[in-house]
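Heads up, the thing below is written out as structure tokens.
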Amino acid sequence: MDTPRPLTAVAHRGDPYRHRENTIDSLRSALDRGADAVETDVRLTRDGVPVLLHDETLKRLWRHDRPLRSLSAEEVRGLTAGRVPTLAEALAATGDGRLMLDLPGAPGERAVRRIVDVVRECGARDRVYYTAGAAAMLAVRAADPAAEIAMTWTTAAPPRPALLAAVRPRWLNYRFGLVHRALADRVHATGSCCPCGPPPRRTMRRLRALGVDSITTNRIDVLCALRGGGSGHRP
């Protein structure tokens with residue numbers, strides 16, 4: 001029987017079953033419970049401050065139907081009692097913990113550069129990596145030639161070699177429903193790792209057996225228990 005590949009456990013938006021997603025408490029809880037990295041979403045406020053928020057508006061989590069892009073960082077702070085952290089605050093609060101920054105909403109080059117600049121200013125380049133589609137990851141690569149990238153890929157067909165050469169992803173990030181053994185083997189043959197997520201808890205064991213390198217999950221406790229409590233691998 002093949003020995004399973006080392007598995008990196010990534011907490012999806014922190015520990016959302018215990019704390020509200022993308023808050024400092026949620027990030028810290030995930031790291032305390034054994035996550036190797038925490039995935040968190042980053043968007044810019046009207047005045048160009050990167051903050052942690054998945055949605056375009058504050059409605060779902062904070063009951064204010066206001067687009068983030070229409071609000072200053074100070075206004076966001078006031079509407080959420082300071083619980084939507086800036087990226088700089090999140091980096092400071094997580095010590096040496098790894099963060100995977102998801103860049104939703106197809107951010108432009110200027111927004112991507114601002115996020116990368118904050119990571120650099122906070123001295124966190126060695127513990128941050130980035131995920132999103134190809135366009136955003138090309139912008140990350142232009143802003144930081146040494147950045148670690150997990151490029152999201154949404155089809156079973158492989159990325160074009162020219163795109164892989166331009167982005168140079170360390171990871172190719174697939175939805176769990178696309179992953180099968182041949183796909184994982186193909187990704188490994190390119191020199192990249194094969195992460196996926198976020199699957200339901202019953203699917204995690206199957207994914208591990210297929211040879212994925214990383215799973216992003218809302219139930220970090222379940223994934224760490226499945227892995228046996230040991231740590232994963234950090235490229």
Side-chain angles (χ1 to χ4, degrees), residues 2-13 30 35-42 54 98-107 109 111-112 115-116 119 125-200 203-220 223 226-227 231-235:
D2 292 340
T3 301
R5 298 174 67 90
L7 181 67
T8 295
V10 181
H12 187 233
R13 306 178 194 170
D36 298 307
V38 180
E39 181 268 357
T40 188
D41 306 278
V42 183
H54 174 268
R98 290 263 283 168
L99 294 184
M100 179 168 69
L101 305 186
D102 193 347
L103 311 184
E109 290 184 10
V112 169
I115 292 166
V116 171
V119 171
R125 292 174 68 197
D126 64 339
R127 64 183 182 93
V128 163
Y129 58 123
Y130 303 87
T131 188
M137 294 301 94
L138 283 167
V140 168
R141 179 59 68 217
D144 182 357
E148 183 178 341
I149 286 175
M151 186 173 71
T152 299
W153 199 248
T154 58
T155 71
R160 291 177 292 106
L163 178 61
L164 291 176
V167 176
R168 290 182 283 118
R170 181 69 182 90
W171 313 78
L172 285 175
N173 192 21
Y174 287 88
R175 291 289 185 183
F176 69 88
L178 290 174
V179 177
H180 50 79
R181 173 71 72 175
L183 184 146
D185 290 345
R186 186 181 72 209
V187 171
H188 294 143
T190 70
S192 297
C193 295
C194 182
C196 63
T203 308
M204 294 181 193
R205 191 180 302 276
R206 179 182 69 83
L207 290 170
R208 190 183 188 201
L210 289 175
V212 302
D213 301 275
S214 173
I215 295 175
T216 300
T217 177
N218 292 317
R219 295 301 305 265
I220 195 63
L223 181 56
L226 171 65
R227 193 177 61 181
S231 63
H233 66 298
R234 174 175 174 171

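All heavy atoms count here, side chains included; hydrogens, waters and symmetry mates do not.
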request  = Could you walk me through whether Leu99 and Leu101 pass the side chain to side chain contact (heavy atoms under 4.5 Å, CB included) test, one step at a time?
outcome  = CA-CA 6 Å; Leu99 294 184; Leu101 305 186; 4.1 Å; yes
Exercise. Given the rule in the side chain to side chain contact (heavy atoms under 4.5 Å, CB included) test, do Val140 and Ile115 qualify, once you have shown the distances and angles that lead to the verdict?
Worked result: CA-CA 9 Å; Val140 168; Ile115 292 166; over 6 Å; no
Where the side chain of Arg141 meets the backbone of Val167, is there a donor-acceptor pair that is under 3.5 Å apart?
yes
field: Carboxylate-amine/guanidinium proximity below 4.0 Å for Arg98 and Asp36
entry: no
dist Tyr174:OH -> Cys194:SG (nearest 0.5 Å) comes out at 6.5 Å
With a 3.5 Å distance limit and no angle check, can you tell me whether Arg227 reaches the backbone of Leu7 through a side-chain donor-acceptor pair? yes
| request: Would you check if there is a donor-acceptor pair between the side chains of Asp213 and His188 at a distance under 3.5 Å? | output: yes
Checklist entry - Are Met137 and Leu103 close enough, and set up right, to give a side chain to side chain contact (heavy atoms under 4.5 Å, CB included), and what steps lead you there? => result CA-CA 9 Å; Met137 294 301 94; Leu103 311 184; 4.1 Å; yes
Report task. Tell me, yes or no, whether the heavy-atom count around Arg175 atom CZ, taken from other residues, nucleotides or ligands under 6.0 Å, exceeds 12. Result -> no
Next item on the list: Give a yes or no answer on whether the side chain of Glu39 reaches the backbone of Met100 with a donor-acceptor pair at less than 3.5 Å.
Entry: no
Walk me through it: do Val187 and Cys193 pass the test side chain to side chain contact (heavy atoms under 4.5 Å, CB included)? CA-CA 6 Å; Val187 171; Cys193 295; 5.9 Å; no
Counting N and O atoms only, with roles assigned by atom type, does the side chain of Thr131 sit under 3.5 Å from a partner on the main chain of Met151, one being a donor and the other an acceptor?
no
